[in-house]
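Working notes for the structure below.
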Amino acid sequence: MAEYNPQAVEAKWREKWDALGVFNADPDPARPKYYLLEMLPYPSGTLHMGHMRNYTIGDAVARYRRMRGSNVLHPIGWDAFGLPAENAAIKRGTPPRDWTNANIAQMKSVCRRFGFSYDWRREISTCEPEYYRWNQWFFLRMLERGLAYRKRSLVNWCPKCQTVLANEQVVDGCCWQHDDTPVEAKEIEQWFLRITQYADALLEDMVELEGGWPERVLIMQRNWIGKSHGTRLRFPIEGAPAEKPTEKKGAKAHIEVFTTRVDTIFGAAAVILSPAHELLPSLFAGQPNRAKLEEEASRLRARILRGADLATAEKEGFFTGRFATNPFSGEKVPIWVGNFVLAEYGTGAVMAVPAHDQRDFEFAQKYKIPFPVVIQPVEGASLRAEKMKEAFTDYGRLVNSGPYSGLTSAAAIEKMTADAQAKGIGEAQTTYRLKDWGISRQRYWGTPIPVIYCAQCGIVPVPDKDLPVRLPENVLLTGQGQSPLANVPAFVNVKCPKCGGPGRRETDTMDTFIDSSWYFFRYADPHNDRAPFDPALVRYWFPIDQYIGGIEHAILHLIYSRFFCKVMRDLGLVEIREPVRRLFSQGMVLKDGAKMSKSKGNVVGAIDMAEKYGCDTARMYTLFAAPPEKDLEWNEQGIEGCARFLHRLFRLMDRHAPALSGVSARDSQPGKIGAASQKEKVLLRKAHQTLRRVTADFEARWHFNTSVALIMELVNTLHDHEPLDKHARPEVLKQVLELLTLMLAPIAPHLAEELWEMLGHQESLNAGEWPQYSAELAEEEQVEVVIQINGRVRGKICVDAGLPEEELAERAFADPKIEQLLRGARVVKRVVVPDKLVNVVVAQ
RNA sequence: GCGGAAGUGGCGGAACUGGCAGACGCGCAGGACUUAGGAUCCUGUGGCCGCGAGGCCGUGGGGGUUCAACUCCCCCCUUCCGCACCA
């Protein structure tokens, strides 16, 4: 008797698959294409159970799709730029490239070990010039179209990373990589991508994603884009010189505010500016306490960026000494500076209506600003300013609002906005929470930004023919100060491509999210050296049919990727609006309640599981332990059950397969079995029922935990019928064991191949083999029907399936026990559900 | 504060469209085989009462709809996640 040796079986099939190249996919008009993608991993060095789960889910689906006859593109690559490599270099002196490549080699070997069905010919690594030159190429195209621009601005600065962070990379006021380090505000010149230009497209195209993407991801993205409709209004500044129409810059004569509640404007008690507002210097100018005002503003400014305690921080501000005029009421209102007014949203200034906005209310209370009531509730008691404990922020009816008094809020908003426009004091405006994407990073290990600064010509793009701008090797990394590339004269000092004069290269590198924003297009044509890809190949493979990854990328990566796709569409490179048709967010793998990460020291390596139990066992267990969308607390105890199961299955097959290898495939087809005995019917029925439900799991719900459970049940049934060869003809047995093996194939592929071979097959079972269940064989002949009295189970009877209602009821009443219980009772009602139950309702 | 997800045995989880709650697995208990078992096989395993047949209770809590509710409706509690002074 042979013993199941996972290591040997897995090595054998791994090599065969490799030799045959069974997972390589090329365009094929004869078969439906299926592009399945798992999120690009960062090569940290350890392939942990979180990765493992992601790839196991993907691989099960990839294998299933192949068995269903699809031409499956299933690629993988490495998100190889990024800070950890640089930090490792600083700490250990290993060049980032060496560290990264060693990690890739390590993780790749684990992927190969697990037999994930990737087309390795398409492997990419984003730190290779062959890849990142196209990052540069895209940047240049965006620069040409005004989608990339340079701006001096306040940025989020992580003192640990020594670099700028995008808004999306700030979490609870801290760096997304260092949750113990608050982000600092710093003013710096950097490159931005104009993602805001696509805000509406990003929002509107979501209709294409409805149904295919998890609802919560769409909601998160919608909130992130944060579209809101309102009114932009101009409050003239008292004592300011009249604005010259010809003069674009200089002291403006008015303050612009944005509001969604123009109906409350007669209650405006002040105008409040952000501490970073551009008009502050001109407002302070000429005032005796100017120095003090500027000092105050700069103190508040230090904390205007997103911060952990910002939402709860006490409101603070000061009066600028200047006044503005309410354009509707003509009233004079003081101009204040307030820490709660965001510089980067709307116009960076608000009209304060304390009676009808909670923030303004708190500010007004603290600084004794009046709060006139101008909106009254439609129903209920009238509001009186002196009695208010909080702002009344609902819609209502206008009072004390001049000609608008009596209107409802909704009507007033419409009319007042139209009037503002007519009078030239304002207009309707849509604003977004989404901000442009700051992509400059003062780091070494990233894509160089392909720009040269020339004293004569200004910002000069590197010509396409000079791409890639290569990242120099052997750069000294200290982790201090500005971009490490600035210390490499050979890199920095170049001739201006335009005038040939002395130029200086940009020394910042790109945010690594650029790399992952378009990598999936590259998989379609990974070795193209003349273009990022051949549009015809992308046309064949796209859109991605199924993308699988962690929920943590719901915003960052997935919004950037959608943005890139839209830019590419405008460049004429692709035809699609959205790159990903279906998205699946798998749950995290937790250990001790936290996500696995090196810094927390709770990493469970996939390779350890492979060595201890075998890859198939590890795969099966990750699918079995929980439905894939749920978080999974890693617990090694349960894995034993899967190991036991696979050993048991192997022994079962080993007992019976040798006698079956000669049975012809034709004789064991569902339709060719002929009259079956009762025991044969039980086995065939269980097999076909299992197939029906496992197929349904793969097609729709992806609840692979139940698929595994069903397969276990089938094996238990077989076990209960030992000795099988005494109860069933060889062709029946062969059919059942084959179905079992095929169903196992996406989940435990190595063992399935081995079993398939044991059953007498010469060829690998990869292509187009997924069986069709037989409805006839799956059908139950007898069913157990529950008999209830007043909803309580009082008996069970076994009847022929499909027994008509009347007969079923008769049978129920005829049951001796039921008869006895019903004796003397008055039957009020009976409910009969064929094949399920009979409920008799009796009067109490 | 706003938005979302989820609460079922000792544990992971099942129950597809309202129809036997606890599939499957872990763990645990007992037994068989064995020099041995942490291998394998068999039996049992939500709680309470009962020798037993059986009965009662039970899906976070409280109401409701229904012949029938883990599932639908209302209120509340808890946990997790996302956003958060967005005007």
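Every chain is numbered from 1 and lettered A, B, ... according to where its sequence line falls, protein lines coming before strand lines. It should be emphasised that the depicted structure is a prediction, and the values quoted were computed from it without experimental measurement. Quick note: numbers below take in every heavy atom, side chains included, and nothing from hydrogens, waters or symmetry partners.
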Could you state the [atom1]-[atom2] distance from [X] to [N], rounded to the nearest angstrom?
X: A/Met588; N: B/rG82; atom1: CE; atom2: C1'; value: 11 Å
X: A/Leu837; N: B/rU66; atom1: CG; atom2: P; value: 18 Å
X: A/Gln788; N: B/rA21; atom1: CD; atom2: P; value: 7 Å
X: A/Phe645; N: B/rA39; atom1: CZ; atom2: C1'; value: 18 Å
X: A/Tyr4; N: B/rA39; atom1: OH; atom2: P; value: 18 Å
X: A/Ile219; N: B/rC81; atom1: CD1; atom2: C1'; value: 13 Å
X: A/Asp360; N: B/rA87; atom1: CG; atom2: C1'; value: 7 Å
X: A/Arg232; N: B/rC86; atom1: CZ; atom2: C1'; value: 15 Å

Any donor-acceptor pair under 3.5 Å linking the side chain of A/Asn223 with the backbone of A/Gly226? no
If we ignore hydrogens and angles and just use 3.5 Å, is the side chain of A/Asp800 paired with the main-chain N or O of A/Leu803 as donor and acceptor? no
When the P atoms of B/rG9 and B/rG22 are considered, how many whole Å apart are they? 14 Å
Inter-nucleotide C1' distance (B/rG12, B/rG7), Å rounded: 15 Å
With both distances under 3.5 Å as the test, what is the Watson-Crick or G-U wobble partner of B/rA39? none
Which residue, A/Thr260 or A/Gly638, contacts RNA chain B at a nucleotide closer to its 5' end, judged by nearest heavy atom? A/Gly638
With a non-hydrogen cut-off below 4.0 angstrom, is [X] in contact with a base, only sugar-phosphate, or nothing?
X: A/Arg792; result: sugar-phosphate
X: A/Asn839; result: base
X: A/Arg794; result: sugar-phosphate
X: A/Arg648; result: sugar-phosphate

Can you figure out which of [options] approaches the side chain of [X] most closely?
X: A/Met220; options: B/rG82, B/rA14, B/rU40; result: B/rG82
X: A/Gln637; options: B/rC41, B/rG19, B/rC26; result: B/rC26
X: A/Val831; options: B/rG19, B/rC24, B/rA84; result: B/rG19
X: A/Lys836; options: B/rA87, B/rG19, B/rA14; result: B/rG19
X: A/Arg433; options: B/rA84, B/rG82, B/rA87; result: B/rA84
X: A/Trp224; options: B/rC83, B/rG13, B/rG19; result: B/rC83
X: A/Arg644; options: B/rC67, B/rU40, B/rA15; result: B/rU40

Mind telling me whether A/His557 and A/His553 have parallel, tilted or perpendicular rings, with 30° and 60° as the class edges? perpendicular
Using 30° and 60° as the class limits, which term best fits the ring planes of A/Tyr4 and A/Phe650: parallel, tilted or perpendicular? parallel
Short side-chain N/O contact to B/rG82 OP1/OP2 from A/Asn223, under 4.0 Å: no
Criterion ring-ring contact (aromatic ring centres under 6.0 Å, His included) on A/Tyr367 and A/Phe318, from CA distance to verdict: CA-CA 9 Å; A/Tyr367 293 107; A/Phe318 60 92; 9.4 Å; no
Min side-chain heavy-atom separation A/Val350-A/Leu273 under 4.5 Å: no
When only distance counts, do a donor and an acceptor, one from the side chain of A/Lys796 and one from the base of B/rC20, lie under 3.5 Å apart? yes
